[in-house]
Protein chains: 2
Amino acid sequence: MSFDDQLPPKIRLLRAAAELLANSEGSAVSTRQITKLAGVTAPTLYHHFGDKEGLFDAVVSAGFEEYVAGERDFAPSGEPLEDVRRMWDNHVQFGLTQPHLYLVMFGNIRPESRPAIVADAEALLEEMLNKAAIAGQINVPPREAARSILAANVGVTLMLIAEPVEERNLELSTMTRDSMIFAVSTETARGAAADDSGKSSVVVAAIALNAALQASHSDQLSSSELKLFLEWLHRISSSS
Amino acid sequence: MSFDDQLPPKIRLLRAAAELLANSEGSAVSTRQITKLAGVTAPTLYHHFGDKEGLFDAVVSAGFEEYVAGERDFAPSGEPLEDVRRMWDNHVQFGLTQPHLYLVMFGNIRPESRPAIVADAEALLEEMLNKAAIAGQINVPPREAARSILAANVGVTLMLIAEPVEERNLELSTMTRDSMIFAVSTETARGAAADDSGKSSVVVAAIALNAALQASHSDQLSSSELKLFLEWLHRISSSS
DNA sequence: TAGCACCTATAGCGTTGCTATATGAAGTGG
DNA sequence: CCACTTCATATAGCAACGCTATAGGTGCTA
């Protein structure tokens with residue numbers, strides 16, 4: 001019944017919930033199962049976690065630490081987009097090795113209530129994409145790119161989880177991954193910024209933007225705005 | 001209470017379930033609600049549909065007809081990939097206008113049991129992509145392309161459903177859609193992009209500069225200047 | 001020792017999906 | 001016309017669910 005009588009109930013609840021979530025094959029996990037395995041009664045659960053979802057969120061946070069650790073642990077390769085690729089793979093891997101945990105984290109969709117985890121995963125991706133943006137490697141704002149890539153990543157992972165194990169084809173993942181990354185990347189040498197992507201900085205980007213703006217009159221700013229904008233740009237680009 | 005006393009109970013149950021699914025805002029739909037609205041008692045439901053999921057499946061079959069009708073109805077434009085684009089949009093639209101029905105169809109993920117609907121939707125997409133393949137417009141086998149695109153499509157739709165209505169940004173959809181379609185297509189849209197490479201490089205440079213500025217707090221501009229500068233930058237970088 | 005905050009248990013509420021059993025209606029063969 | 005089966009619906013209730021009002025126990029500080 002109760003396992004680990006030494007530990008405080010809060011932790012026993014967390015472990016029991018995690019264990020049941022990991023081992024439950026398909027069927028749902030009830031609070032009674034959890035409290036019984038933890039050797040605790042119902043009110044204890046609600047005292048510590050508010051409600052069932054609160055407990056699951058807490059379990060997920062722990063699982064998410066693991067997930068994030070996987071996302072962060074590998075040393076940055078210096079190639080941000082390569083790192084994004086690895087984050088994608090890590091995401092899928094996490095979903096396939098811990099499908100039930102993953103489903104609680106990402107699969108528990110209801111209208112107008114998105115899992116707290118999604119925002120975190122999005123932030124992680126955005127952070128990495130920001131590096132790519134600084135290096136002039138993407139042609140979309142990092143936030144939008146992150147949202148888009150994450151949506152596809154989740155979609156692929158859910159698809160793979162839903163498939164029978166023997167039919168799972170990871171090529172679905174790699175293909176979709178590369179499609180998404182390629183689509184937001186400047187990889188195929190489009191602009192000046194992409195040329196000196198290696199040594200990018202505020203200055204390089206400013207110079208590139210300066211050149212690009214003067215080459216093609218953007219109609220996003222009025223002429224007076226543009227004048228001031230260019231002056232600031234000049235100030236920034238001549239700062240080194 | 002009971003609505004439509006004339007019709008046979010089986011149909012009343014279907015209609016009641018469909019109506020409740022469509023109107024229930026967030027919360028789950030219980031068999032008691034359904035049977036009450038249908039003016040029928042519980043055993044009737046189980047006699048006709050086996051269990052709750054059987055009833056939902058039946059409702060979904062009907063909803064799916066509607067969905068498929070939407071997918072098929074527009075005349076082929078002669079541009080298969082354009083049709084794929086419309087199928088994507090139709091898919092998202094269906095998900096957003098009937099979120100609960102959609103969640104029953106696509107969101108009810110459990111390990112190794114995929115909703116029957118997914119296979120049908122995949123087949124529909126594949127059919128269209130096959131036309132594109134015949135026209136030499138894609139560089140990936142239609143089946144794999146369909147799976148990949150559908151996964152992203154579902155992921156995006158689930159993301160959008162999970163977001164608060166006022167925050168929903170359909171650009172997430174169009175962006176992901178175009179990324180996926182472009183990635184499988186042989187169309188050299190990148191070359192086409194090079195035509196207005198001036199604007200395009202402005203956007204790239206602006207995105208890079210934006211990211212770089214926020215990463216390294218440049219002291220070349222005062223905070224008020226920087227604020228305005230960033231706003232202009234945003235305006236430029238979010239111009240299509 | 002008194003008081004207080006924190007933690008846990010007893011017991012039970014209301015709701016859920018589902019069913020054992022019985023009743024009514026409709027057709028069929030003698 | 002009457003049994004007899006078959007189908008469809010209702011009565012009543014079970015076990016499990018998430019959750020909670022209330023109270024008792026525990027350890028700390030005054």
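Being a predicted model, the structure only gives us computed values, none of them experimental. First the proteins, then the strands, lettered A, B, ... as listed; each starts at 1.
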Among all residues two or more places apart in sequence or in another chain, which pass the salt bridge (Lys or Arg N to Asp or Glu O under 4.0 Å) test with [X]?
{"X": "A/Arg32", "answer": "none"}
{"X": "B/Asp89", "answer": "B/Arg177"}
{"X": "A/Asp178", "answer": "A/Arg85"}
{"X": "B/Glu53", "answer": "B/Arg110"}

Using whole Å, what does the distance between atom [atom2] of nucleotide [N] and atom [atom1] of [X] come to?
{"X": "A/Lys36", "N": "C/dT8", "atom1": "NZ", "atom2": "C1'", "result": "20 Å"}
{"X": "B/Leu20", "N": "C/dT16", "atom1": "CG", "atom2": "P", "result": "12 Å"}
{"X": "A/Arg32", "N": "C/dA11", "atom1": "CZ", "atom2": "P", "result": "15 Å"}
{"X": "A/His47", "N": "D/dA23", "atom1": "NE2", "atom2": "P", "result": "18 Å"}
{"X": "B/Ile34", "N": "C/dT16", "atom1": "CD1", "atom2": "C1'", "result": "12 Å"}
{"X": "A/Tyr46", "N": "D/dA21", "atom1": "OH", "atom2": "P", "result": "13 Å"}
{"X": "B/Lys10", "N": "D/dT9", "atom1": "NZ", "atom2": "P", "result": "10 Å"}
{"X": "A/Arg12", "N": "C/dA9", "atom1": "CZ", "atom2": "C1'", "result": "13 Å"}

Residues in ring pair (Phe, Tyr, Trp, His ring centres under 6.0 Å) with A/Phe94, at least two apart?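 Partners of A/Phe94 under the ring pair (Phe, Tyr, Trp, His ring centres under 6.0 Å) test: A/Tyr67.
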
In residues 49-57 of chain B, what residues come within less than 4.0 Å of DNA chain C, judged by heavy atoms?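 Heavy-atom contacts with DNA chain C come from B/Asp51, B/Lys52.
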
On the nucleotide C/dG17, are OP1 or OP2 found under 4.0 Å from the side-chain N or O atoms that B/Thr31 carries?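 So the side-chain polar atoms of B/Thr31 do come within 4.0 Å of the phosphate oxygens OP1 or OP2 of C/dG17, strictly under.
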
Answer yes or no: does a side-chain N or O of A/Ser30 lie under 4.0 Å from OP1 or OP2 of D/dC17?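 A/Ser30 to D/dC17 OP1/OP2: side-chain N or O found under 4.0 Å.
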
Sugar-phosphate only, base, or nothing, as touched by A/Thr41 at under 4.0 Å among non-hydrogen atoms: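 Result for A/Thr41 = base.
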
So which one's nearest nucleotide on DNA chain D is more toward 5', A/Leu45 or B/His48?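 The answer here is B/His48.
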
How about B/His91 and B/Tyr102: are their ring centres within less than 6.0 Å of each other?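 They qualify: ring centres under 6.0 Å apart.
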
Under 4.5 Å between any side-chain heavy atoms of A/Thr41 and A/Thr35, yes or no?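 Result no, sub-4.5 Å side-chain heavy-atom pair not found.
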
